[in-house]
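These notes are about the structure you will find just below.
Small disclaimer: the values here were computed from a predicted structure and weren't measured.
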Amino acid sequence: MYRYDEFDHSIVQDRVKEFTGQVKRRLAGELTEDEFKPLRLMNGLYLQLHAYMLRIAIPYGTLASRQMRMLAHVARTYDKGYGHFTTRQNIQFNWPKLKDVPAILEDLATVEMHAIQTSGNCIRNVTSDQYAGVAAGEIDDPRIWAEILRQWSTFHPEYTFLPRKFKIAITGHSSDRAAIRVHDVGIIIVEGENGEPAFDIYAGGGLGRTPMVGHLVGEKIPARDLLHFMDAIMRVYNMHGRRDNLYKARIKILVHALGAEEFARQVKEEFAKGGAGEDLKLPDGEIERIRAYFAPPAYESLPDAVEVFDKALADDKAFAQWARINLADHKVPGYAIVNISLKPIGGIAGDATADQMDAVADIAETFSLGEIRVTHEQNLVLPDVKKRDLYEVWKRLDAAGLATPNIGLISDMIVCPGLDYCDLANARSISIGQAISERFADLDREYDIGELKIKISGCINACGHHHVGHIGILGVDKKGVENYQVTLGGSANENAAVGDIVGPAFTEDRIVDAVETIVETYVANRKEGESFLACYRRIGIDPFKETLYAAA
């Protein structure tokens, strides 16, 4: 993992001191809310429906055990005993008191964490594949390049006040687990000349009011030119991006307005200029310096077939169910990747209590080399668990209420906070997610349905990524009544697509039945072994429309 150097420590401490003074002035009445707002947003502090919300950065979703314990401390000491993991691989605390925020940031700084650039019109937290560095078939570890992008973009003077917020995701694998094509910029590591890492770069993706899939604007960009090419993209966006209309300010609107080819041409023209671009060429020594932080640990030489693991699978049905769904293949024999679901049946997606955070920190420290990952689908990952330890890990997760065996299944939903917390929302999301998971609580039924990604947003801003759900649900306000619009066929993987609206929205009391009807239609029409998404793409939307609106 990356560790702060002297400069990192200095800038974080300076920011804590600066914001402490600003909070004191606000509490003393020396700053109005309008004056304070841009200052708090620069420090990840939002004002929501009922209280302040603090968003803490987890760069590329990687946490050390000591950092997870600090998050548990924050939840227990300054909040209501829990935190909410988000689709930006961050964590949010929904109930901090303003007077306590400086103390929270000071505590976080002791474990090399902060809330810088988790809000505002700047480059936000760079996200990545939660299996980075441990997945077989990876071209290169994307965390190396995410860290380089983080260092380049933090406090960058040209990109502090962009037309709109800016989000970057990067993956090193052909199977996209980072949803790179629905980001402002998405990066895939590919093999370049002489087998060196290079980058295919997409721009103009994004969800929200106008969902779009990104376009390829740079192919096989050499590693040393990554920052130079990114700078060219940012300069074109900064020059032409709309600042007169909040809804047309994202880079996706610019790419659409210019056309992908013209946008790419302007980026390449900017990239071809000399001058400052030469200063952005990454020295090999700097790349290797950052790479050293992410060097593979000293894995043991272990057999891939492990008798104690196989025996536990045979003897304990509950463990076997969990292992079947929640484990992923590791690139090193004798190890496994453990996915921890934060989606208990009837629970709140992405929430974890302070005790659960402490439990995960303890398990990671004992069994996973002290490292934890946060996924953009609001779950956690232990990246380096020996197969011989899996049964004990499962028992400890189970004791902590963290062993739900549903990764990738219908109850493993992305759900935004919605109207329970957010002042932008039109409808509740949490209660709808809970009701759907309770409807499909039977695990055997979930396994029979297979992979099915439901994503729920409480408003058009799409924090729940509903546009790219296999089943997407959007809360809308109809004359003061909460309704839910349904889309089908979306996807956030390497074959990214925006879902199709099926028709009129459903009332709160009908939306769960509508989901059930969609699932039943799929089951009735699928071929053997055919997933929901494959079936939908084969038969189209009409069979689903017919069954959904048959009564009407």
**Item:** Short N-O contact, R143 and D129, less than 4.0 angstrom
**Value:** no

**Asked** So do the side chains of M42 and F19 get within less than 4.5 Å of each other, counting heavy atoms only?
**Response** no

**Asked** Are P405 and R324 side-chain neighbours, meaning at least one heavy-atom pair lies under 4.5 Å?
**Response** no

**Message:** Can you confirm whether Q378 sits close enough to H84 that some side-chain heavy atom of one is under 4.5 Å from a side-chain heavy atom of the other?
**Reply:** yes

**Item:** Row check, F155 ring normal vs R15 NZ/CZ: under 6.0 Å, within 45°
**Value:** no

**Item:** Salt bridge D184-K165, side-chain N to carboxylate O under 4.0 Å
**Value:** no

**Message:** Are D423 and L47 packed together at the side-chain level, in the sense that at least one heavy-atom pair is separated by less than 4.5 angstrom?
**Reply:** no

**Request:** Keeping to residues at least two apart or across chains, list the side-chain hydrogen bond (donor to acceptor under 3.5 Å, both in side chains) pairs with something in residues 484-504.
**Result:** E482-Y484, S491-N493, D500-Y536

**Prompt:** Is it true that E516 and R445 make a salt bridge, defined as a side-chain N closer than 4.0 Å to a carboxylate O?
**Reply:** yes

**Prompt:** Side chains of I340 and L382: closer than 4.5 Å at any heavy-atom pair?
**Reply:** yes

**Message:** Whether E446 and K343 form a salt bridge (side-chain N of Lys/Arg under 4.0 Å from carboxylate O of Asp/Glu) is what I want to check.
**Reply:** no

**Prompt:** What residues, two or more places apart in sequence or in another chain, satisfy ring pair (Phe, Tyr, Trp, His ring centres under 6.0 Å) together with F532?
**Reply:** Y522, F544

**Item:** Note: E35-R25 ion pair, threshold 4.0 Å (strictly below)
**Value:** no

**Request:** Answer yes or no: is there an ion pair linking R76 with D355, defined by an N-O contact shorter than 4.0 Å?
**Result:** yes

**Request:** Look at D420 together with R428 and state whether they make a salt bridge at an N to O cut-off of under 4.0 Å.
**Result:** no

**Request:** Output yes when E530 and R537 qualify as a salt bridge under the 4.0 Å nitrogen-oxygen rule, no when they do not.
**Result:** no

**Item:** Whether H73 and Y78 hold their rings parallel, tilted or perpendicular, with breakpoints at 30° and 60°
**Value:** perpendicular

